[in-house]
Participant: 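This structure is in C-alpha coordinates; I'll ask about it shortly.
Below, chain A is the first sequence line, B the second, and so on; all start at residue 1. Every heavy atom of this structure was used, including side-chain atoms; hydrogens, water molecules and symmetry mates were not. Remember, it's a predicted structure, so these values are computed and weren't measured experimentally.
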2 protein chains.
Amino acid sequence: MNEHLTTSIQDYLKTIYTLTADGGEASTSALASRLGVAPASVTGMLQKLASIEPPLVIYRKHQGATLTRAGERAALEVLRHHRLLETYLVESLGYSWDAVHEEACRLEHVISEDFEQRIAEQLGHPERDPHGSLIPTSTLVMPPSNDVLLSSLRGGESAVVRRMRSEDAITLRRLESLGLVPGAEVTVLVNSQFDGNLTIQVASRQPVAIDPAVSDQVFVETTEGT
Amino acid sequence: MNEHLTTSIQDYLKTIYTLTADGGEASTSALASRLGVAPASVTGMLQKLASIEPPLVIYRKHQGATLTRAGERAALEVLRHHRLLETYLVESLGYSWDAVHEEACRLEHVISEDFEQRIAEQLGHPERDPHGSLIPTSTLVMPPSNDVLLSSLRGGESAVVRRMRSEDAITLRRLESLGLVPGAEVTVLVNSQFDGNLTIQVASRQPVAIDPAVSDQVFVETTEGT
DNA sequence: AAAATTATTTAGGCATTCCTAATTTTTTGC
DNA sequence: GCAAAAAATTAGGAATGCCTAAATAATTTT
(Lines give C-alpha, C1' and ligand atoms only; values in the text may rest on other atoms or scores of the structure.)
Protein backbone atom coordinates (compact mmCIF):
# COMPACT_ATOMS: atom_id res chain seq x y z
CA MET A 1 0.00 0.00 0.00
CA ASN A 2 2.12 2.94 1.21
CA GLU A 3 5.20 2.73 -0.96
CA HIS A 4 7.24 5.22 0.91
CA LEU A 5 6.33 8.50 2.50
CA THR A 6 8.72 11.41 2.29
CA THR A 7 10.10 13.04 5.42
CA SER A 8 7.96 16.04 4.65
CA ILE A 9 4.75 14.03 4.42
CA GLN A 10 5.60 12.19 7.63
CA ASP A 11 6.03 15.53 9.37
CA TYR A 12 2.66 16.75 8.15
CA LEU A 13 0.90 13.59 9.31
CA LYS A 14 2.61 13.59 12.69
CA THR A 15 1.70 17.23 13.22
CA ILE A 16 -1.92 16.74 12.19
CA TYR A 17 -2.11 13.83 14.61
CA THR A 18 -0.70 15.70 17.59
CA LEU A 19 -2.72 18.85 16.91
CA THR A 20 -5.89 16.79 16.72
CA ALA A 21 -5.04 14.48 19.61
CA ASP A 22 -4.98 17.14 22.30
CA GLY A 23 -8.42 18.27 21.17
CA GLY A 24 -7.23 20.92 18.75
CA GLU A 25 -7.89 21.71 15.12
CA ALA A 26 -5.44 20.91 12.37
CA SER A 27 -6.04 24.21 10.59
CA THR A 28 -3.89 25.51 7.78
CA SER A 29 -2.33 28.18 9.94
CA ALA A 30 -1.76 25.90 12.93
CA LEU A 31 0.04 23.45 10.68
CA ALA A 32 2.01 26.20 8.97
CA SER A 33 3.19 27.57 12.29
CA ARG A 34 4.11 24.17 13.74
CA LEU A 35 5.88 23.05 10.59
CA GLY A 36 7.62 26.35 9.95
CA VAL A 37 6.30 26.72 6.40
CA ALA A 38 4.03 29.24 4.70
CA PRO A 39 0.27 28.65 4.87
CA ALA A 40 0.14 28.36 1.09
CA SER A 41 2.52 25.42 1.29
CA VAL A 42 0.23 23.68 3.74
CA THR A 43 -2.77 24.09 1.48
CA GLY A 44 -0.85 22.56 -1.37
CA MET A 45 0.32 19.61 0.68
CA LEU A 46 -3.12 18.92 2.18
CA GLN A 47 -4.66 18.89 -1.28
CA LYS A 48 -2.06 16.42 -2.34
CA LEU A 49 -2.40 14.17 0.72
CA ALA A 50 -6.16 14.09 0.20
CA SER A 51 -5.90 13.12 -3.45
CA ILE A 52 -3.22 10.43 -3.44
CA GLU A 53 -4.05 6.75 -3.25
CA PRO A 54 -4.76 5.82 -0.56
CA PRO A 55 -5.79 9.26 0.72
CA LEU A 56 -3.99 10.12 3.95
CA VAL A 57 -6.12 13.06 5.03
CA ILE A 58 -9.64 14.31 4.62
CA TYR A 59 -9.53 17.88 3.51
CA ARG A 60 -12.26 20.38 2.83
CA LYS A 61 -11.48 23.94 1.92
CA HIS A 62 -11.15 26.32 4.85
CA GLN A 63 -11.75 23.50 7.32
CA GLY A 64 -8.33 22.07 7.93
CA ALA A 65 -7.47 18.38 7.81
CA THR A 66 -8.35 15.13 9.51
CA LEU A 67 -6.38 11.93 9.17
CA THR A 68 -7.83 8.94 7.38
CA ARG A 69 -7.19 5.52 8.86
CA ALA A 70 -4.17 5.12 6.57
CA GLY A 71 -2.91 8.56 7.51
CA GLU A 72 -3.33 7.82 11.19
CA ARG A 73 -1.39 4.59 10.91
CA ALA A 74 1.44 6.41 9.18
CA ALA A 75 1.36 9.11 11.85
CA LEU A 76 1.46 6.56 14.65
CA GLU A 77 4.41 4.84 13.04
CA VAL A 78 6.38 8.08 12.99
CA LEU A 79 5.26 8.96 16.49
CA ARG A 80 6.32 5.55 17.75
CA HIS A 81 9.73 6.05 16.19
CA HIS A 82 10.00 9.52 17.69
CA ARG A 83 9.06 8.53 21.20
CA LEU A 84 11.07 5.34 21.27
CA LEU A 85 14.07 7.26 20.02
CA GLU A 86 13.68 9.93 22.67
CA THR A 87 13.51 7.24 25.31
CA TYR A 88 16.53 5.49 23.85
CA LEU A 89 18.59 8.67 23.66
CA VAL A 90 17.92 9.36 27.33
CA GLU A 91 18.27 5.81 28.61
CA SER A 92 21.10 4.47 26.51
CA LEU A 93 23.07 7.50 25.38
CA GLY A 94 22.73 9.79 28.38
CA TYR A 95 20.93 12.69 26.72
CA SER A 96 18.98 15.03 28.98
CA TRP A 97 15.23 14.98 28.46
CA ASP A 98 15.15 18.51 27.08
CA ALA A 99 17.75 17.76 24.40
CA VAL A 100 16.31 14.72 22.66
CA HIS A 101 13.60 16.27 20.53
CA GLU A 102 15.69 17.63 17.66
CA GLU A 103 17.71 14.47 17.32
CA ALA A 104 14.60 12.27 17.37
CA CYS A 105 12.94 14.51 14.77
CA ARG A 106 15.70 13.73 12.32
CA LEU A 107 16.18 10.06 13.15
CA GLU A 108 12.48 9.15 13.19
CA HIS A 109 12.27 9.26 9.40
CA VAL A 110 15.18 6.98 8.63
CA ILE A 111 15.28 4.12 11.12
CA SER A 112 14.16 0.70 9.97
CA GLU A 113 11.54 -1.50 11.60
CA ASP A 114 14.42 -3.67 12.68
CA PHE A 115 16.04 -0.74 14.47
CA GLU A 116 12.72 0.17 16.06
CA GLN A 117 12.27 -3.35 17.37
CA ARG A 118 15.77 -3.58 18.72
CA ILE A 119 15.59 -0.41 20.75
CA ALA A 120 12.06 -1.20 21.93
CA GLU A 121 13.29 -4.52 23.20
CA GLN A 122 16.42 -3.10 24.78
CA LEU A 123 14.23 -0.57 26.61
CA GLY A 124 11.78 -3.22 27.78
CA HIS A 125 8.93 -1.97 25.59
CA PRO A 126 8.34 1.28 27.44
CA GLU A 127 4.87 2.74 27.64
CA ARG A 128 5.91 6.39 27.82
CA ASP A 129 8.73 8.57 26.52
CA PRO A 130 10.87 10.89 28.69
CA HIS A 131 8.23 13.62 28.55
CA GLY A 132 5.55 11.19 29.65
CA SER A 133 3.87 10.90 26.27
CA LEU A 134 2.38 7.52 25.45
CA ILE A 135 4.25 5.48 22.87
CA PRO A 136 2.06 3.86 20.20
CA THR A 137 2.34 0.06 20.28
CA SER A 138 4.09 -1.96 17.62
CA THR A 139 0.63 -2.71 16.26
CA LEU A 140 0.11 1.03 15.82
CA VAL A 141 -2.45 1.50 18.55
CA MET A 142 -2.27 4.52 20.82
CA PRO A 143 -2.83 3.36 24.41
CA PRO A 144 -5.74 5.00 26.23
CA SER A 145 -5.09 7.93 28.48
CA ASN A 146 -7.16 9.93 30.89
CA ASP A 147 -4.85 12.75 31.75
CA VAL A 148 -6.12 16.31 31.92
CA LEU A 149 -4.53 19.72 31.89
CA LEU A 150 -3.14 20.85 35.20
CA SER A 151 -5.04 24.09 34.63
CA SER A 152 -8.33 22.18 34.69
CA LEU A 153 -7.94 21.15 38.35
CA ARG A 154 -9.83 23.07 40.99
CA GLY A 155 -8.36 24.39 44.20
CA GLY A 156 -7.68 21.60 46.65
CA GLU A 157 -7.29 18.84 44.07
CA SER A 158 -4.17 16.70 43.86
CA ALA A 159 -2.77 14.75 40.94
CA VAL A 160 0.32 13.10 39.49
CA VAL A 161 2.18 14.76 36.63
CA ARG A 162 1.89 12.54 33.57
CA ARG A 163 3.24 14.36 30.55
CA MET A 164 4.32 17.65 29.03
CA ARG A 165 2.73 19.04 25.92
CA SER A 166 5.80 20.90 24.73
CA GLU A 167 9.07 19.46 23.53
CA ASP A 168 10.77 22.83 23.63
CA ALA A 169 13.99 22.70 25.68
CA ILE A 170 13.48 26.06 27.38
CA THR A 171 9.92 25.23 28.39
CA LEU A 172 10.98 21.82 29.66
CA ARG A 173 13.78 23.25 31.75
CA ARG A 174 11.40 25.75 33.27
CA LEU A 175 8.98 22.98 34.18
CA GLU A 176 11.77 20.90 35.59
CA SER A 177 12.97 23.76 37.76
CA LEU A 178 9.49 23.87 39.27
CA GLY A 179 9.63 20.16 40.00
CA LEU A 180 7.04 19.49 37.32
CA VAL A 181 8.39 16.27 35.87
CA PRO A 182 6.53 13.05 35.06
CA GLY A 183 5.62 11.24 38.26
CA ALA A 184 5.75 14.29 40.52
CA GLU A 185 2.82 14.84 42.84
CA VAL A 186 1.16 18.20 42.56
CA THR A 187 -1.60 19.89 44.56
CA VAL A 188 -3.50 22.90 43.31
CA LEU A 189 -3.96 25.23 46.25
CA VAL A 190 -5.76 27.95 44.32
CA ASN A 191 -7.08 28.06 40.76
CA SER A 192 -8.17 31.53 39.81
CA GLN A 193 -10.90 30.99 37.24
CA PHE A 194 -10.53 34.69 36.57
CA ASP A 195 -7.03 35.03 35.09
CA GLY A 196 -6.05 31.37 34.86
CA ASN A 197 -3.21 31.68 37.35
CA LEU A 198 -2.70 28.82 39.79
CA THR A 199 -0.98 28.38 43.09
CA ILE A 200 0.47 24.90 43.25
CA GLN A 201 2.57 22.80 45.56
CA VAL A 202 4.85 20.19 44.04
CA ALA A 203 5.81 17.35 46.37
CA SER A 204 6.84 19.04 49.60
CA ARG A 205 8.26 22.18 48.04
CA GLN A 206 7.21 25.70 48.76
CA PRO A 207 3.95 26.66 47.05
CA VAL A 208 4.46 28.68 43.87
CA ALA A 209 2.25 30.73 41.60
CA ILE A 210 2.19 29.74 37.91
CA ASP A 211 0.39 31.15 34.92
CA PRO A 212 -1.29 29.36 32.00
CA ALA A 213 1.95 29.42 30.01
CA VAL A 214 3.06 26.78 32.48
CA SER A 215 -0.15 25.08 33.59
CA ASP A 216 -1.36 24.55 30.02
CA GLN A 217 1.79 22.56 29.27
CA VAL A 218 1.33 19.98 32.00
CA PHE A 219 -1.04 17.02 31.87
CA VAL A 220 -1.87 15.26 35.12
CA GLU A 221 -3.88 12.27 36.23
CA THR A 222 -6.04 12.61 39.31
CA THR A 223 -5.38 9.97 41.91
CA GLU A 224 -9.01 8.83 42.39
CA GLY A 225 -10.21 5.78 40.45
CA THR A 226 -12.56 5.96 37.47
CA MET B 1 31.81 27.72 5.88
CA ASN B 2 29.78 24.67 4.80
CA GLU B 3 26.24 25.68 5.69
CA HIS B 4 24.68 22.32 5.21
CA LEU B 5 25.25 19.65 2.63
CA THR B 6 22.32 17.66 1.30
CA THR B 7 22.16 13.92 1.69
CA SER B 8 22.73 13.62 -2.02
CA ILE B 9 25.89 15.71 -1.95
CA GLN B 10 27.21 13.81 1.05
CA ASP B 11 26.69 10.57 -0.86
CA TYR B 12 28.60 11.87 -3.86
CA LEU B 13 31.52 13.04 -1.70
CA LYS B 14 31.64 9.81 0.27
CA THR B 15 31.63 7.79 -2.93
CA ILE B 16 34.32 9.88 -4.58
CA TYR B 17 36.44 9.44 -1.48
CA THR B 18 36.11 5.68 -1.29
CA LEU B 19 36.60 5.19 -5.03
CA THR B 20 39.75 7.29 -4.91
CA ALA B 21 41.04 5.86 -1.63
CA ASP B 22 41.50 2.32 -2.86
CA GLY B 23 43.53 3.63 -5.75
CA GLY B 24 40.66 3.90 -8.18
CA GLU B 25 39.29 6.61 -10.41
CA ALA B 26 36.18 8.58 -9.56
CA SER B 27 34.93 8.50 -13.13
CA THR B 28 31.45 9.54 -14.15
CA SER B 29 30.38 5.98 -14.84
CA ALA B 30 31.94 4.54 -11.68
CA LEU B 31 30.08 7.13 -9.63
CA ALA B 32 26.85 6.57 -11.53
CA SER B 33 27.01 2.85 -10.95
CA ARG B 34 27.88 3.16 -7.25
CA LEU B 35 25.23 5.79 -6.59
CA GLY B 36 22.55 4.15 -8.69
CA VAL B 37 21.91 7.20 -10.86
CA ALA B 38 22.31 7.93 -14.55
CA PRO B 39 25.73 9.15 -15.78
CA ALA B 40 24.14 12.41 -16.90
CA SER B 41 23.08 13.09 -13.33
CA VAL B 42 26.65 12.62 -12.14
CA THR B 43 28.01 15.06 -14.68
CA GLY B 44 25.50 17.66 -13.55
CA MET B 45 26.30 17.17 -9.88
CA LEU B 46 30.07 17.24 -10.41
CA GLN B 47 29.78 20.50 -12.31
CA LYS B 48 27.80 21.92 -9.46
CA LEU B 49 30.14 20.66 -6.72
CA ALA B 50 33.07 22.16 -8.59
CA SER B 51 31.45 25.56 -8.95
CA ILE B 52 29.99 26.19 -5.50
CA GLU B 53 31.81 28.14 -2.84
CA PRO B 54 33.92 26.62 -1.48
CA PRO B 55 34.38 24.11 -4.32
CA LEU B 56 34.12 20.53 -3.06
CA VAL B 57 35.56 18.76 -6.07
CA ILE B 58 37.97 19.42 -8.85
CA TYR B 59 36.36 18.47 -12.09
CA ARG B 60 37.63 18.46 -15.62
CA LYS B 61 35.53 17.17 -18.45
CA HIS B 62 35.94 13.51 -19.20
CA GLN B 63 38.40 13.08 -16.35
CA GLY B 64 36.23 12.39 -13.36
CA ALA B 65 36.48 14.13 -10.03
CA THR B 66 38.94 14.67 -7.22
CA LEU B 67 38.03 16.03 -3.82
CA THR B 68 39.27 19.41 -2.69
CA ARG B 69 40.40 19.77 0.90
CA ALA B 70 36.91 21.00 1.84
CA GLY B 71 35.31 18.13 -0.03
CA GLU B 72 37.58 15.64 1.65
CA ARG B 73 36.74 16.96 5.10
CA ALA B 74 33.06 16.65 4.34
CA ALA B 75 33.58 13.12 3.03
CA LEU B 76 35.54 12.11 6.12
CA GLU B 77 32.81 13.47 8.35
CA VAL B 78 30.21 11.32 6.62
CA LEU B 79 32.53 8.33 6.57
CA ARG B 80 33.21 8.74 10.28
CA HIS B 81 29.49 8.78 10.94
CA HIS B 82 28.97 5.75 8.76
CA ARG B 83 31.69 3.65 10.30
CA LEU B 84 30.96 4.63 13.89
CA LEU B 85 27.30 3.83 13.29
CA GLU B 86 28.12 0.44 11.85
CA THR B 87 30.25 -0.31 14.87
CA TYR B 88 27.56 0.90 17.21
CA LEU B 89 24.84 -1.13 15.52
CA VAL B 90 26.91 -4.28 15.90
CA GLU B 91 28.25 -3.63 19.39
CA SER B 92 25.26 -2.05 21.08
CA LEU B 93 22.24 -3.23 19.15
CA GLY B 94 23.27 -6.72 18.16
CA TYR B 95 23.17 -6.33 14.39
CA SER B 96 25.18 -8.79 12.34
CA TRP B 97 28.08 -7.27 10.43
CA ASP B 98 26.51 -7.92 7.07
CA ALA B 99 23.29 -6.09 7.97
CA VAL B 100 24.54 -2.74 9.18
CA HIS B 101 25.36 -1.01 5.93
CA GLU B 102 21.89 0.04 4.82
CA GLU B 103 20.94 1.35 8.23
CA ALA B 104 24.19 3.31 8.57
CA CYS B 105 23.72 4.76 5.08
CA ARG B 106 20.49 6.36 6.18
CA LEU B 107 21.53 7.41 9.67
CA GLU B 108 24.89 8.88 8.68
CA HIS B 109 23.26 11.98 7.19
CA VAL B 110 21.12 12.94 10.14
CA ILE B 111 23.02 12.32 13.37
CA SER B 112 24.39 15.32 15.25
CA GLU B 113 27.96 15.84 16.36
CA ASP B 114 26.68 15.23 19.86
CA PHE B 115 25.33 11.84 18.84
CA GLU B 116 28.59 11.03 17.08
CA GLN B 117 30.60 11.87 20.19
CA ARG B 118 28.37 9.88 22.49
CA ILE B 119 28.56 6.68 20.49
CA ALA B 120 32.30 7.13 19.90
CA GLU B 121 32.81 7.42 23.62
CA GLN B 122 30.53 4.52 24.45
CA LEU B 123 32.48 2.38 22.00
CA GLY B 124 35.84 3.46 23.40
CA HIS B 125 36.84 5.43 20.29
CA PRO B 126 37.29 2.42 18.01
CA GLU B 127 39.86 2.51 15.26
CA ARG B 128 38.02 0.24 12.85
CA ASP B 129 34.44 -0.63 11.95
CA PRO B 130 33.00 -4.17 11.80
CA HIS B 131 34.37 -4.69 8.30
CA GLY B 132 37.82 -3.60 9.40
CA SER B 133 37.73 -0.21 7.68
CA LEU B 134 39.56 2.58 9.46
CA ILE B 135 37.36 5.19 11.12
CA PRO B 136 38.42 8.81 10.50
CA THR B 137 39.29 10.58 13.74
CA SER B 138 37.15 13.29 15.29
CA THR B 139 39.64 15.76 13.82
CA LEU B 140 38.81 14.34 10.38
CA VAL B 141 42.08 12.61 9.73
CA MET B 142 42.14 9.19 8.15
CA PRO B 143 44.62 7.01 10.04
CA PRO B 144 47.43 5.52 7.96
CA SER B 145 47.09 2.03 6.65
CA ASN B 146 49.38 -0.36 4.85
CA ASP B 147 47.04 -3.13 3.94
CA VAL B 148 47.17 -4.70 0.51
CA LEU B 149 44.85 -6.85 -1.53
CA LEU B 150 44.92 -10.52 -0.69
CA SER B 151 45.31 -11.14 -4.41
CA SER B 152 48.65 -9.30 -4.37
CA LEU B 153 50.31 -11.86 -2.11
CA ARG B 154 52.59 -14.42 -3.66
CA GLY B 155 52.50 -18.13 -3.01
CA GLY B 156 53.86 -18.93 0.44
CA GLU B 157 53.13 -15.54 2.02
CA SER B 158 51.02 -15.19 5.16
CA ALA B 159 49.06 -12.23 6.40
CA VAL B 160 46.27 -11.09 8.70
CA VAL B 161 42.90 -10.12 7.25
CA ARG B 162 42.33 -6.43 7.89
CA ARG B 163 39.26 -5.27 6.03
CA MET B 164 36.71 -6.00 3.34
CA ARG B 165 36.18 -3.72 0.40
CA SER B 166 32.53 -4.55 -0.08
CA GLU B 167 29.63 -3.78 2.24
CA ASP B 168 27.31 -6.05 0.32
CA ALA B 169 25.62 -8.55 2.62
CA ILE B 170 25.87 -11.50 0.24
CA THR B 171 29.55 -10.90 -0.42
CA LEU B 172 30.25 -10.50 3.29
CA ARG B 173 28.48 -13.73 4.15
CA ARG B 174 30.46 -15.54 1.50
CA LEU B 175 33.71 -14.20 2.92
CA GLU B 176 32.64 -15.11 6.43
CA SER B 177 31.83 -18.66 5.39
CA LEU B 178 35.41 -18.96 4.16
CA GLY B 179 36.70 -17.71 7.51
CA LEU B 180 37.80 -14.45 5.92
CA VAL B 181 36.91 -12.03 8.69
CA PRO B 182 39.03 -9.22 10.18
CA GLY B 183 41.81 -10.65 12.31
CA ALA B 184 41.86 -14.06 10.65
CA GLU B 185 45.25 -15.40 9.60
CA VAL B 186 45.56 -16.41 5.99
CA THR B 187 48.27 -18.09 3.99
CA VAL B 188 48.44 -18.06 0.21
CA LEU B 189 49.52 -21.49 -0.89
CA VAL B 190 49.35 -20.75 -4.60
CA ASN B 191 48.76 -17.56 -6.55
CA SER B 192 48.24 -18.25 -10.19
CA GLN B 193 49.47 -15.12 -11.92
CA PHE B 194 47.78 -16.53 -14.99
CA ASP B 195 44.08 -16.47 -14.13
CA GLY B 196 44.20 -14.71 -10.76
CA ASN B 197 42.90 -17.70 -8.81
CA LEU B 198 44.44 -18.41 -5.41
CA THR B 199 44.64 -21.36 -3.13
CA ILE B 200 44.53 -20.16 0.44
CA GLN B 201 44.46 -21.57 3.90
CA VAL B 202 42.59 -19.66 6.60
CA ALA B 203 43.68 -20.41 10.15
CA SER B 204 43.85 -24.21 10.37
CA ARG B 205 41.02 -24.90 7.94
CA GLN B 206 41.21 -26.97 4.81
CA PRO B 207 42.85 -25.11 1.92
CA VAL B 208 40.37 -23.68 -0.57
CA ALA B 209 40.56 -22.23 -4.05
CA ILE B 210 39.19 -18.71 -4.52
CA ASP B 211 38.89 -16.48 -7.52
CA PRO B 212 39.45 -12.73 -7.83
CA ALA B 213 35.77 -12.07 -7.04
CA VAL B 214 36.78 -13.06 -3.53
CA SER B 215 40.45 -12.20 -3.28
CA ASP B 216 39.95 -8.68 -4.61
CA GLN B 217 37.53 -7.96 -1.78
CA VAL B 218 39.93 -8.75 1.04
CA PHE B 219 42.70 -6.48 2.30
CA VAL B 220 45.41 -8.00 4.43
CA GLU B 221 48.48 -6.83 6.30
CA THR B 222 51.62 -8.87 6.04
CA THR B 223 53.06 -9.85 9.38
CA GLU B 224 56.62 -8.59 8.78
CA GLY B 225 57.53 -5.12 10.07
CA THR B 226 58.01 -2.05 7.85
C1' DA C 1 -25.37 44.07 7.99
C1' DA C 2 -21.50 46.36 6.06
C1' DA C 3 -16.75 47.08 6.79
C1' DA C 4 -12.51 45.60 8.37
C1' DT C 5 -9.63 41.99 9.60
C1' DT C 6 -7.94 37.46 9.41
C1' DA C 7 -7.51 32.98 7.28
C1' DT C 8 -7.06 30.40 3.34
C1' DT C 9 -6.49 29.40 -1.39
C1' DT C 10 -4.86 30.13 -6.15
C1' DA C 11 -1.34 31.36 -9.42
C1' DG C 12 3.12 31.62 -10.84
C1' DG C 13 8.00 30.61 -9.69
C1' DC C 14 12.36 28.68 -7.93
C1' DA C 15 15.83 25.17 -6.33
C1' DT C 16 17.08 20.43 -6.09
C1' DT C 17 17.94 16.21 -8.16
C1' DC C 18 16.73 13.05 -10.91
C1' DC C 19 15.51 11.28 -15.85
C1' DT C 20 15.86 10.24 -21.26
C1' DA C 21 17.49 11.27 -25.80
C1' DA C 22 20.77 13.22 -28.66
C1' DT C 23 25.43 14.73 -29.32
C1' DT C 24 30.26 14.91 -28.63
C1' DT C 25 34.58 13.15 -26.99
C1' DT C 26 37.62 9.51 -25.83
C1' DT C 27 39.21 4.96 -26.11
C1' DT C 28 39.68 0.52 -28.35
C1' DG C 29 40.59 -2.84 -31.91
C1' DC C 30 42.16 -3.85 -36.21
C1' DG D 1 45.32 5.86 -38.24
C1' DC D 2 40.56 5.08 -38.62
C1' DA D 3 36.25 3.03 -37.74
C1' DA D 4 33.54 1.17 -34.09
C1' DA D 5 32.46 1.09 -29.40
C1' DA D 6 32.27 3.12 -25.01
C1' DA D 7 32.09 7.01 -22.02
C1' DA D 8 30.72 11.49 -21.02
C1' DT D 9 28.26 15.69 -21.84
C1' DT D 10 24.50 18.73 -23.24
C1' DA D 11 19.66 19.73 -23.74
C1' DG D 12 15.21 19.52 -22.28
C1' DG D 13 11.93 17.98 -18.83
C1' DA D 14 9.55 15.93 -14.60
C1' DA D 15 8.54 15.57 -9.50
C1' DT D 16 9.00 17.57 -4.80
C1' DG D 17 8.31 20.97 -1.78
C1' DC D 18 9.00 25.25 -0.79
C1' DC D 19 8.20 30.54 -1.69
C1' DT D 20 5.64 35.34 -2.60
C1' DA D 21 1.83 38.02 -4.21
C1' DA D 22 -2.83 38.38 -5.35
C1' DA D 23 -7.47 36.86 -4.88
C1' DT D 24 -11.17 34.93 -2.26
C1' DA D 25 -13.60 33.26 1.79
C1' DA D 26 -14.62 33.42 6.60
C1' DT D 27 -14.83 35.79 10.80
C1' DT D 28 -15.00 39.67 13.77
C1' DT D 29 -16.03 44.45 14.77
C1' DT D 30 -18.73 48.28 14.84
Participant: Rounded to whole Å, how long is the line connecting atom CG of L35(A) with atom P of dT16(D)?
Facilitator: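 Going from L35(A) (CG) to dT16(D) (P), I get 18 Å.
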
Participant: Please report, rounded to the nearest Å, how far the P atom of dG17(D) is from the CG atom of L46(A).
Facilitator: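 Rounded to whole Å, this separation is 13 Å.
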
Participant: Tell me the interatomic distance from L49(B), atom CG, to dT16(C), atom P, rounded to whole angstroms.
Facilitator: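 Nearest whole value for this atom pair: 11 Å.
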
Participant: Of all the choices, dG17(D), dT8(C), dC18(D), which nucleotide is nearest to the side chain of H62(A) once you look at every atom?
Facilitator: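 Within the option list, the nearest is dT8(C).
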
Participant: Do you see a donor-acceptor pair shorter than 3.5 Å between the side chains of H82(B) and E108(B)?
Facilitator: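 Side chains of H82(B) and E108(B): pair found under 3.5 Å.
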
Participant: Tell me whether the centres of the aromatic rings in H131(B) and H101(B) are closer together than 6.0 Å.
Facilitator: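 No - the distance between ring centres of H131(B) and H101(B) does not fall below the 6.0 Å cut-off.
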
Participant: What is the distance, rounded to the nearest whole Å, between atom CG of L31(A) and atom P of dT9(C)?
Facilitator: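 The distance from CG of L31(A) to P of dT9(C) comes to 10 Å, rounded to the nearest Å.
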
Participant: How long is the gap from CD on E167(A) to CH2 on W97(A), to the nearest 0.5 Å?
Facilitator: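 Reported value, rounded in 0.5 Å steps: 10.0 Å.
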
Participant: Hey, mind stepping through T137(B) and T139(B) against side chain to side chain donor-acceptor pair (under 3.5 Å) and telling me if it holds?
Facilitator: CA-CA 5 Å; T137(B) 67; T139(B) 54; 2.8 Å; yes

Participant: In whole angstrom, give the distance that lies between atom CD of Q63(B) and atom P of dT27(C).
Facilitator: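 Those two atoms, CD and P, are 8 Å apart.
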
Participant: Distance alone, cut at 3.5 Å: any donor-acceptor contact between the side chains of E103(A) and Y95(A)?
Facilitator: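 E103(A) vs Y95(A): donor-acceptor pair found between side chains.
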
Participant: For a quick check under 3.5 Å, do S96(B) and D98(B) share a side-chain donor-acceptor pair by atom type?
Facilitator: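 Distance-only check passes for S96(B) and D98(B).
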
Participant: Could you list the protein-to-nucleotides 10-12 of chain C atom pairs, N/O on both sides, closer than 3.5 Å?
Facilitator:
from	atom 1	to	atom 2	distance (Å)
dT10(C)	OP1	K61(A)	NZ	3.0
dT10(C)	OP2	Q47(A)	NE2	2.3

Participant: Once you round it to whole Å, what is the distance between P of dT16(D) and OH of Y12(A)?
Facilitator: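 Distance check: Y12(A) OH to dT16(D) P gives 14 Å.
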
Participant: Checking side-chain polar atoms at under 3.5 Å, does D11(A) have a donor or acceptor matched by the opposite partner on S8(A)?
Facilitator: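 No, because no side-chain N or O of D11(A) sits under 3.5 Å from a partner of the opposite role on S8(A).
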
Participant: Categorize S8(A) for me: base, sugar-phosphate, or nothing, with a 4.0 angstrom heavy-atom threshold over every strand shown.
Facilitator: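 Here S8(A) touches the backbone only, sparing every base.
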
Participant: Base, sugar-phosphate, or nothing for S29(B), non-hydrogen atoms under 4.0 angstrom?
Facilitator: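 Sugar-phosphate contact only - S29(B) comes under 4.0 Å of backbone atoms but never of a base.
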
Participant: With the side chain of A38(A) defined as its heavy atoms from C-beta on, choose the nearest nucleotide among dG17(D), dT20(D), dC19(C).
Facilitator: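 Of the options given, the side chain of A38(A) lies nearest dT20(D).
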
Participant: Out of dT20(D), dC19(C), dT16(C), which nucleotide sits closest to the side chain of K48(B)?
Facilitator: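 Ranking dT20(D), dC19(C), dT16(C) by closest atom to the K48(B) side chain puts dT16(C) first.
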
Participant: Here's a test of your reading of the structure: between T28(B) and M45(A), which maps to the more 5' nucleotide of DNA chain D?
Facilitator: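 The residue mapped nearer the 5' terminus is T28(B).
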
Participant: In the strands shown, is dT27(C) matched to any nucleotide by a Watson-Crick or G-U wobble pair with both distances under 3.5 Å, and which?
Facilitator: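 Pairing partner: dA4(D).
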
Participant: Could you check how far NE2 of H4(B) sits from C1' of dA15(C), rounded to whole Å?
Facilitator: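 In whole Å, dA15(C) C1' and H4(B) NE2 are 14 Å from each other.
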
Participant: Return the value, rounded to whole Å, for the distance between atom CD of Q10(B) and atom C1' of dT17(C).
Facilitator: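 Rounded to the whole Å, the gap is 15 Å.
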
